[in-house]
Amino acid sequence: MSSVDWKNYKPTLIPDIDGLEKIDVYEKNGGYKAFKSVLTENDKWPDEKSVIDEVKAANIRGRGGAGFNAGLKWSFMPPADGKPRYLACNGDESEPGTFKDRKIFEYNPHVFIEGALIAAYAMQVTTIYVYIRGEYLVYVKMMEKAIQDAYDKGYIGKNILGSDYSVDFYVHMGAGAYICGEETSMLESLEGKRGYPRVKPPFPAQKGLWGRPTTINNIETLAHVPSVINNGADWFSSIGAENHPGPFLYGISGHVNRPGVYELPSGVPVLDLIHEVAGGMRNDKKLKAVIPGGSSTPVVRADQLEGITMDSDSLRSVGTMVGTAGMVIMDEDTDMVDMLWRIAHFYHHESCGQCTPCREGTGWLEKVLLKIKNGEGEVKDLDLLLDVTTQMEGRTICALADAAAWPVRHTINRFRDEFEARCKKSVHAVA
Amino acid sequence: MPEVFIDGQRYEYEGDHKLLQFIQDIGLEVPFFCYHPAMSIPANCRQCMVKVGQPVQNRETGEFELDDDGNREIRWFPKLQTACNINVADGMVVRTQVTDELVQRAQKDNLEMILINHPLDCPICDQAGECPLQIQTYKYGPEGSRFEVKKVHKPKRVQLGPRVVLDAERCINCTRCTRFTQEISKTDQLTITSRGDKNYPITAPGREFDDPYSLNTVDLCPVGALTAADFRFKARVWEMNQTPSIDITNGKGCNIDIWTRDNLVLRVTPRQNEHVNDYWMPDEGRLAYTRFNENRISRPAQKLDGEQILSSWNNAIATIAEQIEEHKNEETLVIGSAHASVEENYVLSKFSNMMGLNNPVFTPHIEEGKGDGFLISDDIAPNTNGCRLLGFDEKDPKSIANQIEKASLILILSDDLIDRGVLASEHFEGKFVIAFGTNHSKTTKNADLVIPITSAAEHAASYVNVDGRIQRTIPAKETKYTNRRLNLEMSEGRLDRYGTSFDNWVTEDNKVDCMPLWLFISQVANESGLELDYSDYSAGRQIMDEIAESIPAFKGVNYQKMDEESGIQLDSSAKKVKS
């Protein structure tokens, strides 16, 4: 395994520059250069397709958790027909353990705006929406200001920079539902409806917002686009892990000395992130477990982590996923039963209630876990929980049921002794 | 022709089909709750899971790849698919619960999930007996439940609107009701509130679910979550008799089922007919069930010294015959009715002609602006076009009043002319008025002789709707002179077949002392020495044959054809009649 040289990495998304959220400072530091180049340097970017091809070659895998090649996603948009087309930017990050996009909103909103504009131009989108979760009220205000500044500078609006390309950019605030971070559910919410995920097909690229072609990208995904345009696809794909390249925003939380968001290449060893980047375990406790990419990704035991790096291939070898790279670090004092109940509680609370297995299953999981947590569970309940997870997985419209089922299944499987210790023995009547 | 393989059987098809609908159309079954052929497909109940695959084709030759046994190699979808929203495709291979254990297991799992928060109150639930959840659970569900923790509690007995009551705990969130108000009635009055296992349908705060079609949601509800305020706790479905019929409360003629127990009509539900009402009907038509039970005229009545007293059939027959003989023909006025059937109007006009009286007149019963372009028409009467096609003289209310002033003997068929403002009670002064009717009304109250005739729930007769479609009723309740076991057309419920005299619901109490107009008129004609033989209770069939032969507009119409084709669209010239 090639080790990633993360110590000499220079951040591009959240570099250490004072006042970068101001458009002047951003421009002074090379901001909007990529967008100008795409719009005006015809020899370098003869058409929209050349932009898509470059991004596709960079292999920016979606940072919202699914890890799909962003450029490839853009290429699914049908040819422009003069009618409205949309880019919906997903800033609803609500997965427990994930708090990276807020860093962009807060410190470098323009890199996202520029990325979104390049994406919009590449797909000939007429309107951009950025959907920001309601809890981020401060960042909503900041984004609104940043977008207004970009309008004032002429980066958004009619005939941008003298070209014949025009686009509008709107902020839409969520109202506190996790499910609205699911892409099709977000579209429903943008349309002013109840956030119910849509049945696919049709996919958003065919029928999205108001039935028109729409692409949905994560905030961080789009924020990577300007540097790909400036430095080229090869530069981007040379950073970090081969199959999952580029910088990551690692959101490290939990029992470490310096929790926070760190921009580093992908493929950094998990243990390096804990012990060097995040300053080691709090109170010098022993590491017990790590959730690598938000609460829905399966938890990994400390003894599985040797040599494991933060990229999809390496994490797959221990049965988990990179997700949003929102890492939750747990020390030896962590009660896995409590932890799992809390996660199950979250998914129960957030299930939209559309599909039967998720609506009923999430509640069932939580209630049984609560019983176990309270010391009233029986060992047979653990098998029931595992059964219920198989009854939920893969049988619903969106992936919330999967997201709720995986942590339960894997936490029980990986810490079964701890769960059994909390359970009463199943008593079987003897004749 | 494209082909599809379902559980190893090959079926050919044409056009576009959703798999679940296709499976139903060929007579197979896959359980489901949220799907409805007339509405959008949300695929949210997740019950109709099946295994679906496509044959593998060679990219170059396009030929199907074969496995070692020479069978087509199938690439199965990685997950089970909901049959409701998947399109049937050429070569598709489908395994349902019949042949696939995983599918069977998935459907069972899903039912277990649905039931964990569903109250098991079937013994007191109105839906029991006609409940898709109950039926599918018996067929495909688990034997017990492993759910040992606390169920979710939600609001019960919520009066959503004047006619619909919600029990949110029974709701399985199929969204059929909310989709109905969005897509069919287009009032958008219902939505789902809350999230996850706490969600249920409700109106916006402070609003009422007073949609004129609100009761359709009760039929659509696959469980007992939505019940009719009117019918709740009235009867178990298996105690009732279900009889196909026609809605006679407006000109649209929605196809309905009449549900009776002990000869009381307890509810009316729509019956599917794509040419008329699809699956729906207005609430007004359902609530009219009371008119079959209440305020009925039972036994003839005659006015003596200004007061109506009950009389006998013999006296009624003799009195009419006498009155007609006494009065000059030109002083007699026969008024037909758009509220009565084609057969009744025909017999009345035939009798009128035989006696040398006038060709019957009638006046349509229209309420301008009442119609909504959907299933409610301006026309309040079910048979206006029937009267027109029979060649009755169509009069406006004023000229009817004028004619009445000239007459001294008046025969009025089943039409409350006083209440709807065509006549005033003063018009009857100094004249002898004979009213045929099903229910007491201002008109019958002011008549000198009242003859009770059978209602649409008691006889077989036809009505021509506003679009010129002729449809017929089937007797649903008995009269004093009929017997369910002897009338081959009447439906026999469980209790009729298996009930004993100890079953207290078989009584004489609710049988009305009335007879079909044709039967009564035949007797009057015979009394007057004329030959008119519609002496069978079920003579409607014979009368319609006679009409079809003698009146061109009804050519080819008969009961059998009406039954087979759920009504007959009369020819284009008939369609032109004013609605």
Side-chain angles (χ1 to χ4, degrees), chain A residues 175-180 193-202 345-372 374 376-378 380-381 383-385 387-402 404, chain B residues 32-34 40-49 77-82 84-87 102-103 105-118 133 142 145-152 154 171-175 178-179 182 188 191-201:
Chain A
Y178 170 70
I179 193 61
C180 291
K193 298 177 187 154
R194 188 182 161 79
Y196 268 171
R198 294 179 183 173
V199 179
K200 290 185 273 193
H345 172 75
F346 174 81
Y347 288 108
H348 178 205
H349 187 249
E350 295 296 344
S351 167
C352 78
Q354 191 178 200
C355 306
T356 305
C358 178
R359 178 181 67 237
E360 308 296 347
T362 50
W364 197 354
L365 291 178
E366 190 206 336
K367 287 170 186 174
V368 174
L369 280 165
L370 184 65
K371 193 172 126 185
I372 296 172
N374 291 342
E376 291 154 7
E378 296 175 38
K380 67 168 189 185
D381 288 336
D383 298 317
L384 171 68
L385 286 172
D387 249 21
V388 174
T389 61
T390 40
Q391 283 174 231
M392 293 166 67
E393 197 186 328
R395 295 190 185 165
T396 51
I397 292 172
C398 83
L400 196 143
D402 302 353
Chain B
F32 67 93
F33 298 105
C34 67
S40 63
I41 306 174
N44 64 25
C45 75
R46 313 307 288 174
Q47 187 59 47
C48 61
M49 289 282 188
F77 278 72
K79 293 175 183 173
L80 296 182
Q81 300 291 311
T82 43
C84 59
N85 65 343
I86 196 163
N87 291 314
L102 182 65
V103 173
R105 171 80 208 270
Q107 293 179 356
K108 189 182 281 194
D109 289 349
N110 204 61
L111 278 161
E112 186 183 26
M113 291 283 195
I114 291 179
L115 289 168
I116 65 172
N117 283 316
H118 187 84
L133 180 58
S145 176
R146 295 172 293 168
F147 187 79
E148 293 172 348
V149 280
K150 209 176 156 196
K151 286 184 187 243
V152 174
K154 292 193 265 191
C171 175
I172 62 167
N173 285 291
C174 68
T175 68
T178 62
R179 280 178 285 140
Q182 282 156 14
D188 283 288
T191 186
I192 300 282
T193 189
S194 270
R195 264 196 324 235
D197 53 17
K198 290 177 197 66
N199 65 11
Y200 57 89

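So you know, we letter chains A, B, ... as the sequences are listed, proteins then strands, and number each from 1. Because the structure is a prediction, the values reported are computed rather than measured.
- When each of B/T175, B/I172, B/I41 is checked for heavy-atom pairs under 4.5 Å with chain A, B/I172 comes out on top.
- The number of heavy-atom neighbours closer than 6.0 Å to NZ of A/K200, taken from other residues, nucleotides and ligands shown, is above 12.
- Only the backbone of B/T193 comes within contact range of chain A, with at least one heavy atom under 4.5 Å from a heavy atom of that chain.
- Only the side chain of B/N199 comes within contact range of chain A, judged by heavy atoms closer than 4.5 Å.
- For a residue to count as touching a neighbouring chain, one of its non-hydrogen atoms must lie under 4.5 Å from one of that chain's; by this rule B/N117 touches chain A with backbone and side chain alike.
- Considering CD1 of A/I179 and CZ of B/R195, their distance stands at 9.0 Å, rounded to 0.5 Å.
- Taking CG of B/D109 as the start and CE of A/M392 as the end, the distance is 12.0 Å to the nearest 0.5 Å.
- Neither the backbone nor the side chain of B/Q47 comes within less than 4.5 Å of any heavy atom of chain A.
- With a 4.5 Å cut-off on non-hydrogen atoms, B/I114 touches chain A through its backbone and its side chain both.
- Contact residues of residues 357-367 of chain A toward chain B are A/P357, A/R359, A/E360, A/G361, A/G363, A/W364, A/K367 (heavy-atom distance under 4.5 Å).
- Interface residue B/S194: only backbone heavy atoms are found under 4.5 Å from chain A.
- Interface residue A/Y196: only side-chain heavy atoms are found under 4.5 Å from chain B.
- Using a 4.5 Å cut-off between heavy atoms, A/R395 contacts chain B through both its backbone and its side chain.
- Across all their heavy atoms, A/I397 and B/A43 have their closest contact at CD1-O, 3.5 Å.
- The heavy-atom pair separating B/M113 from A/V388 by the smallest distance is CE-CG1, 3.8 Å.
- Atom NZ of A/K371 sits about 14.5 Å away from atom NZ of B/K150, to the nearest 0.5 Å.
- The parts of B/I192 that come within reach of chain A are both its backbone and its side chain, each placing non-hydrogen atoms under 4.5 angstrom from that chain.
- Using a 4.5 Å heavy-atom cutoff, the side chains of B/T178 and A/R194 are not in contact.
- Residues of residues 348-356 of chain A that come closer than 4.5 Å to chain B, counting heavy atoms only, are A/H348, A/H349, A/E350, A/S351, A/C352, A/G353, A/Q354, A/C355, A/T356, ordered by residue number.
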